[in-house]
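In what follows, a structure is listed as structure tokens, so that the remarks can point back to it.
Every heavy atom of this structure was used, including side-chain atoms; hydrogens, water molecules and symmetry mates were not.
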Amino acid sequence: MANIKADSDKQTKRINFRLNELEYEKLSQSASTYGLTVSSYAKQLALKSNLRKPYFSASDTQQIILELTRQGTNLNQITRKLNQGDPLTPAMLAEIKKMQEAQRQLWRQLQK
């Protein structure tokens, strides 16, 4: 009767992943060192992992990358015009000031 597991202890979920020959051999050797099967060893590694919670959600990260891409594009356009000998116009200065403010806001968000 001691071998009967409670419903909450039953292992009902399955995870599969693929390894190349070298990765499998390395995992197999490590598992045998501890006297475990490959799957038990991989499970122990996964459960004892010290992964940290990301600072930003995936959607926030995408928004940050999108904003950085926009700013980089704007900066490249302004730089190209200046390198071609075009004078620094009030519109360019206004765009640079908008970019600076966007960078400040982004920096504040990153420092949370």
Side-chain angles (χ1 to χ4, degrees):
M1 287 224 190
N3 291 338
I4 298 175
K5 290 186 176 182
D7 285 340
S8 62
D9 292 339
K10 290 183 181 177
Q11 298 175 350
T12 59
K13 301 296 180 189
R14 179 183 200 100
I15 297 175
N16 298 313
F17 60 95
R18 296 183 183 273
L19 303 172
N20 65 29
E21 196 63 40
L22 183 61
E23 292 168 335
Y24 182 81
E25 187 59 36
K26 184 176 178 181
L27 194 64
S28 179
Q29 286 177 356
S30 296
S32 66
T33 300
Y34 290 102
L36 298 171
T37 64
V38 174
S39 60
S40 295
Y41 181 69
K43 180 179 176 181
Q44 291 300 317
L45 287 175
L47 293 175
K48 293 181 180 180
S49 172
N50 290 326
L51 293 177
R52 293 182 295 162
K53 182 180 176 187
Y55 291 115
F56 305 104
S57 67
S59 63
D60 287 345
T61 301
Q62 289 175 345
Q63 289 294 334
I64 290 169
I65 291 170
L66 181 61
E67 182 60 34
L68 286 172
T69 301
R70 287 179 183 146
Q71 289 182 25
T73 300
N74 290 345
L75 185 59
N76 285 339
Q77 289 172 354
I78 292 170
T79 303
R80 184 180 308 120
K81 286 185 179 198
L82 292 174
N83 284 336
Q84 290 173 348
D86 291 354
L88 190 59
T89 65
M92 289 171 136
L93 285 173
E95 187 62 34
I96 290 171
K97 288 185 190 243
K98 279 198 278 185
M99 288 172 48
Q100 287 175 329
E101 183 54 35
Q103 288 173 352
R104 281 190 202 100
Q105 289 176 358
L106 186 60
W107 187 247
R108 280 187 225 114
Q109 187 179 1
L110 291 172
Q111 289 180 327
K112 287 182 184 177

Discussion item. Tell me the closest heavy-atom pair linking T37 and A31, and the distance in Å.
Written reply: O-CB, 3.7 Å
Item to complete: Indicate, with yes or no, if L27 and L22 share a hydrophobic cluster defined by side-chain heavy-atom contacts under 4.5 Å among Ile, Leu, Val, Met, Phe, Trp and Tyr.
Response: no
Item to complete: Please report the closest heavy-atom contact between M99 and I78, naming both atoms and the distance.
Response: SD-CD1, 4.2 Å
Item to complete: Side-chain contact test, heavy atoms from C-beta onward, threshold under 4.5 Å: evaluate it for L66 versus Q62 and give yes or no.
Response: no
Practice prompt. Grab the two heavy atoms, one from E23 and one from L19, that are nearest each other, plus how far apart they are.
Written response: OE1-CA, 3.4 Å
Practice prompt. Verify the distance criterion only: is there a donor paired with an acceptor across the side chains of E67 and Q71 at less than 3.5 Å?
Written response: yes
Fill in: Between CG on residue N74 and CD on residue E95, distance to nearest 0.5 Å
4.5 Å
Fill in: Carboxylate-amine/guanidinium proximity below 4.0 Å for K98 and E101
no
Practice prompt. Could you walk me through whether Q29 and E25 pass the side chain to side chain donor-acceptor pair (under 3.5 Å) test, one step at a time?
Written response: CA-CA 6 Å; Q29 286 177 356; E25 187 59 36; 3.3 Å; yes
Fill in: Test salt bridge (charged side-chain N to carboxylate O under 4.0 Å, His left out) applied to K26 - qualifying residues, sequence neighbours left out
none
Worksheet item: How many angstroms lie between OG in S40 and CD in Q44, if you round to the nearest 0.5 Å?
Response: 7.5 Å
Worksheet item: Is the number of heavy atoms from other residues, nucleotides or ligands under 6.0 Å of I15 CD1 greater than 12?
Response: no
Fill in: I65 with L106, same ILVMFWY side-chain cluster at under 4.5 Å
no
Worksheet item: Okay, side chain of S49, backbone of A46: is any donor-acceptor separation there less than 3.5 Å?
Response: no
Worksheet entry | Donor-acceptor under 3.5 Å (T79 side chain, L75 main chain) | yes
Worksheet, complete the sentence: Residues P87 and M92: closest non-hydrogen pair is O-SD, 3.6 Å
Worksheet item: When rounded to the nearest 0.5 angstrom, what is the spacing between CG in L82 and CG in L88?
Response: 5.5 Å
Worksheet item: Is there side-chain contact between T33 and Y41, with at least one heavy-atom pair below 4.5 Å?
Response: no
